[in-house]
2 protein chains.
Amino acid sequence: MPDKITGLYFELFNEIGIIGQLSRAMFEARLPEGLVLPHFSVLNHLVRVSDGRTPLELATAFQQPKTSMTHTLAGLERHGFVRMVPNPKDKRSKLVFITDAGCQFREEAIAALAPDVAKLADLVPSEHVAGLLPGLRELREELDRMRD
Amino acid sequence: MPDKITGLYFELFNEIGIIGQLSRAMFEARLPEGLVLPHFSVLNHLVRVSDGRTPLELATAFQQPKTSMTHTLAGLERHGFVRMVPNPKDKRSKLVFITDAGCQFREEAIAALAPDVAKLADLVPSEHVAGLLPGLRELREELDRMRD
DNA sequence: TTGATATGGTTCGATGTCGTACTAATATGA
DNA sequence: TCATATTAGTACGACATCGAACCATATCAA
């Protein structure tokens with residue numbers, strides 16, 4: 001493997017790391033004190049993908065350790081944004097449901113984020129983003145597969 | 001701004017966040033105990049871009065708060081991988097130089113990482129990566145510009 | 001020159017992240 | 001059936017990250 005090629009992958013991950021960091025900071029600047037990006041992401045997932053998932057399903061959806069998801073869900077529950085009920089199919093497990101307050105918070109957060117997204121969309125057209133997404137998905141899927 | 005477009009940017013940052021997380025975990029699994037990705041990244045930067053930078057220059061190069069860079073450099077210095085000398089041009093400041101041990105560590109780390117990179121390169125061809133990079137750089141630059 | 005302001009760097013404290021170890025419940029297989 | 005292995009979730013501890021406050025030096029303006 002020539003250095004040049006290796007450097008390509010290093011640079012890729014470097015750029016991605018920085019973008020992740022900057023975008024996260026941008027998002028969190030619009031969220032109320034005590035709530036961070038994962039809180040929003042989980043609520044978003046519950047609305048857009050499916051409500052009533054188990055903590056573990058959520059953790060794997062975001063490729064996070066389950067212990068991180070426990071922490072995130074505790075925060076959401078403390079704010080009354082999700083409700084956790086025992087899983088009737090498996091007594092070890094729980095199901096996570098978004099509450100009305102959670103839905104409302106998510107909508108407010110999206111509204112608060114909208115100006116930033118609009119500004120960014122002005123600078124980086126959505127066609128460019130759409131062009132990047134397939135390659136990023138491919139990369140994510142392969143990285144995920146490599147873990148096992 | 002239609003929901004569909006907004007969702008595109010959300011998904012973009014979600015993918016990027018996950019890739020950053022997975023790639024970081026993959027890298028750190030190959031680094032010795034107590035050393036983490038930023039340690040490697042800084043050494044790499046000193047070799048590939050330029051040695052003898054100030055901590056602040058390094059922080060801005062990685063878009064990190066300077067306080068995080070202080071922490072990273074302290075770890076590198078503790079391991080003897082960098083040497084920090086007073087900046088003759090500015091008595092407030094320091095210059096960071098990589099040591100021989102630091103160079104050696106960097107090379108060993110690259111060697112340790114090589115199999116993973118090779119495996120990934122097998123699954124995600126370098127042309128795909130090269131295709132992604134310009135778009136990612138554009139995104140990073142605009143996000144950076146938006147901060148001020 | 002000198003007072004005000006800005007900049008480089010660190011310390012400190014708060015918090016997010018995640019690995020380890022544990023408990024409870026379920027699946028497996030002899 | 002019953003012992004064993006897996007799985008869902010949590011508690012805890014270690015540590016990376018980062019904002020606020022701080023000190024020393026440098027820059028700027030009057």
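The basis for the numbers below is simple: all heavy atoms, side chains too, and nothing from hydrogens, waters or symmetry mates.
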Without decimals, in angstroms, what is the distance between A:Phe27 CZ and D:dC18 C1'? 20 Å
Take A:Glu77 and A:Val82 through the side chain to side chain contact (heavy atoms under 4.5 Å, CB included) test and state the conclusion after the steps. CA-CA 5 Å; A:Glu77 200 175 24; A:Val82 299; 4.2 Å; yes
DNA chain D contacts among residues 65-97 of chain B, heavy-atom distance under 4.0 Å: B:Pro65, B:Thr67, B:Ser68, B:His71, B:Asp90, B:Lys91, B:Arg92
What integer distance in Å separates A:Glu33:CD from C:dA14:P? 13 Å
For atom CZ of B:Arg53 and atom C1' of C:dG8, their distance in whole Å: 15 Å
Apply side chain to side chain contact (heavy atoms under 4.5 Å, CB included) to B:Glu142 and B:Met146, showing your working. CA-CA 6 Å; B:Glu142 295 303 344; B:Met146 278 179 68; 5.6 Å; no
Rounded to whole Å, the CG-C1' distance (A:Leu35 to C:dT15) equals 13 Å
Could you check whether atom CZ of B:Arg48 has more than 12 heavy atoms from other residues, nucleotides or ligands sitting under 6.0 Å from it? no
Integer-rounded Å distance: D:dC18 P and B:Phe62 CZ: 13 Å
Hey, mind stepping through A:Met69 and A:Val42 against side chain to side chain contact (heavy atoms under 4.5 Å, CB included) and telling me if it holds? CA-CA 9 Å; A:Met69 188 53 63; A:Val42 166; 4.0 Å; yes
Does a side-chain N or O from A:Arg24 land closer than 4.0 Å to OP1 or OP2 of C:dT17, or not? yes
Distance, rounded to the nearest Å, where A:Leu56 contributes CG and C:dA25 contributes P: 17 Å
Between A:Gln21 and A:Pro55, just flag the one whose closest nucleotide in DNA chain D comes earlier from the 5' side. A:Pro55
Would A:His39 and A:Phe105 count as a ring-ring contact (aromatic ring centres under 6.0 Å, His included) here? Give the steps. CA-CA 10 Å; A:His39 293 126; A:Phe105 167 74; 8.5 Å; no
Whole-Å distance, B:Ile18 CD1 to C:dT17 C1', equals 16 Å
Rounded distance (Å) that lies between atom P of D:dT7 and atom CD of A:Glu57: 15 Å
Let me see the working for A:Phe27 and B:Phe10 under ring-ring contact (aromatic ring centres under 6.0 Å, His included), right down to the final yes or no. CA-CA 10 Å; A:Phe27 273 53; B:Phe10 282 0; 5.6 Å; yes
